[in-house]
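Everything on this sheet refers to the single structure shown next.
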Amino acid sequence: MLRLITRRLIFAVVTLWVVSIVVFSAIELLPGDACQAFLGQMAQGKRLENCRVEHDLNAPAYARYSKWAIGLASGDLGKSIKRSKPLEEIIGPRFRNTVILGLTAALVGIPLAIVLGALAALYRDRRADLWISFIAIFCMTVPEFIIGTLLISFFSVWLGWLPGIVIMRADAPLLDVLSKIVLPVMTLTLVMVAHIMRMVRTSMIDVLASDFVMMSQLKGVSRLRQVVMHALPNALLPTINLIALNIAWLMGGVLVVEVVFNYPGIGRLSVNAISDRDFPLVQAIALLMASLYVALNLIADLLALVLNPKLRTRGAKV
Amino acid sequence: MTGSLLSIENLSIGFTGLNDQPIFIVRDVNLTLAAGETLGLVGESGCGKSSLLLAMMGYYKQGLGRLRGGIAYDGQDPGLVSSQQLQALRGGGMALIPQNAGQALTPTLRIKAQMVEVLRLHSDLAPGAWHARCLALFERVKLPDPEEMLERYPHELSGGQQQRVAIAMALAGEPDLLLLDEPTTGLDVTTQVGVLSLLQEICRDLNTAMVYVSHDIQVISQVCNQIAIMYAGEIVEMGPRADLLNQPVHPYTQGLLASIPRLDQQTLPHPIAGEMLQPVHRGSNVGCGYAGRCALATDQCREIAPLAQPIADRWVKCHEVTAARAGEFIRPAQKLLAPNLSDSELLAVEDLSVRYQAPTWLQSLRGQQPPAIVRAVSFGIRKGEIKGLVGESGSGKSTILKTIAGLQPSLSGRITLSGTDDLAGPVESRPRRCLRKVQLVFQNPDASLNPRKTTGEILRRPLELYFDLGPGVMDEEVDALLQRVNLPESYKGRFPGQLSGGEKQRVAIARALAAKPELILCDEITSALDVSVQAAILKLLLDLRADSGVSLLFVSHDLAVVETLCDSVLVLEGGEVREAGSCAEVFKNPQHAYTQALLASVL
Amino acid sequence: MSSAPAMLKGVMATRSGKIGVVLVGFHLLLALMSPWLVPYDFAAQTALVDHAGPSLAHWAGLDTLGRDVLTRTMLGGREALLVTIFGTGLAVVWGSFFGVLAGYLGGRIDELIMRSVDIFLAIPWMIFLLLVIASFGNAPIVMILTLGFFYGIGVVRMARAATLEVVVKDYVLAAKARGESPLSIMMTEILPNVRDVLMVESAMRWSWMLLAFSALSFLGFGVTPPTPDWGLMIANSRIYLALAPWPVLMPMIALSSLIIGINLTADALAKSLGVDKTTRALV
Ligand SMILES: Nc1ncnc2c1ncn2[C@@H]1O[C@H](COP(=O)(O)OP(=O)(O)O)[C@@H](O)[C@H]1O
Ligand code: SF4
Ligand SMILES: [Mg+2]
């Protein structure tokens, strides 16, 4: 088991390293360098030269990469082209906000999805399942920006209960953030719940048809205990990693949700950075999001390891 | 009916098919069981025996239900009682011992938790006494090291141990009735013997009633006093064990007994023509369910369902009891001995060793080697010889076949075909000529044919690959192949999904024959089939050998089948040859202790 | 075994399948014919009467700039469909190629492909898409290539999983033993048996790619104004939702009905092909 964990950790580090290379070279490959891109029409003469000197663009690519990578490893994200503040100060609070948003959505969404998925499986093809599945299809298929817009018009325009657009400084205190994220969290949760619920449902249906669930029933175990003790843990095991992967994929949606609600997180920041052609900033955000992804999968791996007795046996292979 | 523990009246189980027509999985079953009595239910797979057994506990698989009839356990119908009463009944009144204990134990719970669950529900013991009770039960079922077992997870137990845990768990609620669904199927013969003697002992000591379901009448006759024979959802004959085994009356019972290969018999098992219909195809049949395969069938049989007729202590559902009792229609054939085998050796395997895992870099650094699965195996096969390869699961039988077929690289050793062709290399490095000479047939008929190809396409492929035939000749050749395996030409257009298990296996054999091979490697090719169908395949193999002089390497875990079919045999244990010789010698006079143990486990 | 008409019949056997096919068919037809059907020029502005509600002349009203909403809605899915149909095709082709390869060959190659997939999944795809579009423009071919690439990553995982279930079957072993080439085994033994799963999954992926495309255009990266596009229409008019709902509602309904239609069709297809146990996970 220790070997497994070490392997996972090593792979996580390697992943981040490769991603940093990919991100760096992708930006290298784009037409023009960072200064040309940023300055656009005005990219000529003295101005361009100054910018290049300031951002050290005249060095060869590998030298710049190693400088960037070494900086990253020691917590220095680099320098924005557009803004004079260090990137840590720009990204830091926004990163925190995005993590709060995602974490809240996950904390609300994952348990909800598990319960709904299990219910849908238990009442398979009956009314409860049809309703849950129908709503899930709706939430999965209607884009986040539509759901967000609908929620805004319902809760803030029509009912006037909640603020529609988040108006706050990026480094607002935690309590302020929490009081303002209800609608964005709701949007994100709906989509997430829909996807995860479907995975749980499929897996649960499989497990409910297994011999051991039948056996527990024939031992006289109550329905609730059957589901909670025998079926659910075994239905969740194969989905843990899948859930992590999908949450990570859904992170793409965070971008949109943040824009819809004007929420000061790294999603909106990245859209702005790209619009501004602020490539060092984009680079840093991309790598941060990748680390978030890697961390998420690492947690899922460890969780699977803890929950699955088969993996905990000595010498088990994954 | 007073005094009976369980009684079932006119029970039918099934579902409603298209056009609201009822589809019967179990049909009009009547039986009664007194306390302490042991009843064995025997039938081919799919005849409805598991469904019947589960119905006794008031359980129906997804989509199935009781169509009519009544069940009474201790006067209560499990379908009508409250859910509390039902929960008390299940595990407390009657307990199930499932077929595959490995899959019936919850993987994420320790054994102890699963044992305690039963005690909590079905015993009056104080929580403090649970642990001791678990230990006592484990000792009862002879599990080694009970303390340690309780702390384990199901996957950390061997198949035999899992089965013993399942038995202990069933006994934990002190039930009056044990329901067993093929509890030893899938276990190795030596393990099976142990579990069966444990069950006999439990019967004797606890005086628990039992309903024991199995496809294997020999297993049933070890444990049960009463036997019921099921066919196509109905019980066709039921009576005391000795009567049924010695003087079977129903044509199906007779056919079933005649189709079982036995050690020390000079006769070939006699197949029953055809195969049992699936429930959806039985649909509107109003007559006898066996009429399609019965040699005595008359028009009356096809139109009117026979009723149960008492004969002494038993009853039989058949119109032609008198003719059946005359018992003239099954004539066992004399066992064919090999047609004077030539001395020329077709295949020579020398010193073959195989391993699956290559050493990891850490192991090679330390100079360690992962264990070989097959170690220094040598044998030869003569032209026209049928050689049996026996051993328990994991002994390396399939590995040897795969290595000869070139699907698994060998670690060391030589394999030569016809004295000249070197078969040491993998498939990719072998010339067409060599590939053609060695063909494979697999165990599971459902997996051995590509479901997306028709029978015709499946048979044509090897012809295209190995021979240069014109299109007309090709079609003729396909027809001829089907004919050789006794299938009608019209089967060319069918997909595997439209064939029964035995038919699929015939197509797989025809596919091997298409290459005009000199050696066919058969990996347990009859063990997924019912005995009555197996007998027909065995006969087919003997006929093919007689016609074309092809050699077979026949892997099986069933010693009786090997004795029936093979000229010589190789006994394998843990990847090493324990004993080799002609069938007659090895089976009559086994030299090695392991061979003796194997033979002693044959029922 | 099941030909295209037979499959359609299977899908149409359920009510939700029928609804799905009708919705998808309607949108495809509309996309093909709309240039000849629309009542107005999509860029023509009717001065002074912006935000007007539905009228006889303008059935769905006018948008912020006084353009006909019905016209723009009818035309607004064309680029999305063009990009996502080809994008999905690309994703499925390259994804299944590597997925089947990894699943069939196993060993080192499998390890290499799957570890690469893991790494590519770590790349924040949305940022990457935006970056590529910002640098190379939003020509359909750019979108098709980038969307096709990122969505193919999920296909690799899925195709490999489907292949792994097939390669262990004895008929594949039989083909190997017969001496068939790996290419022939993959084409005749494996592909026909993973085809159903691939088809259902591709349909789902098509709908997700539509979601991604509309998100891009919502962010202003999808199409260049004044080209009409649902996502962009919603982005431009959504702040006036309370004031003038039509310019938002029309594209919303159009987009959602298309995506729901695809999902209903995919579900019905899965059921009729008997592959409804596929995970249908995003990746
Ligand atoms: N849930 C089900 N729905 C429909 N048919 C079923 C179901 N379960 C089993 N069957 C069919 O019922 C028949 C009898 O099954 P079973 O009782 O398991 O037989 P046995 O135990 O004798 O092998 C088989 O033909 C099988 O295909
Ligand atoms: S009733 Fe007729 S068909 Fe059925 S078993 Fe008896 S003789 Fe055969
Ligand atoms: Mg059974």
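Throughout, a chain's letter reflects where its sequence line sits, starting with A, and its residues are numbered from 1.
- Residue A/Leu296: no heavy atom, backbone or side chain, is found under 4.5 Å from chain C.
- C/Ser207 does not touch chain A: none of its heavy atoms, backbone or side chain, sits under 4.5 Å away.
- Residue contact with chain A, scored on non-hydrogen atoms closer than 4.5 Å, involves the side chain of C/Leu255 exclusively.
- Qualifying ring-ring contact (aromatic ring centres under 6.0 Å, His included) partners for A/Phe261, counting only residues two or more places apart in sequence or in other chains: none.
- Contact annotation for A/Ile146: both backbone and side-chain heavy atoms come within less than 4.5 Å of a heavy atom of chain C.
- Checking each of C/Leu249, C/Val248, C/Leu232 against C/Ser237 for a side chain to side chain contact (heavy atoms under 4.5 Å, CB included) leaves exactly one that passes, namely C/Val248.
- Interface remark: of the candidates A/Ile285, A/Val23, A/Thr141, A/Thr141 forms the most heavy-atom pairs closer than 4.5 Å to chain C.
- Interface residue A/Val260: backbone and side-chain heavy atoms are both found under 4.5 Å from chain C.
- Using modelled atom types and a 3.5 Å distance limit, the side chains of C/Asn138 and C/Thr224 yield a donor-acceptor pair.
- In terms of modelled atom types and a separation under 3.5 Å, the side chain of A/Ser133 and the main chain of A/Leu130 share no donor-acceptor contact.
- Of the possible donor and acceptor atoms, none in the side chain of A/Glu144 sits under 3.5 Å from a partner among the backbone N and O of A/Val256.
- The only option from C/Tyr151, C/Trp206, C/Trp208 that meets the side chain to side chain donor-acceptor pair (under 3.5 Å) definition with C/Thr84 turns out to be C/Trp206.
- Both the backbone and the side chain of A/Thr149 come within contact range of chain C, with heavy atoms under 4.5 Å apart.
- Only the side chain of A/Arg277 comes within contact range of chain C, judged by heavy atoms closer than 4.5 Å.
- Looking at C/Ile119, both its backbone and its side chain come within 4.5 Å of chain A, counting heavy atoms on both sides.
- Residues passing the ring-ring contact (aromatic ring centres under 6.0 Å, His included) test with A/Phe155: none are found, sequence neighbours excluded.
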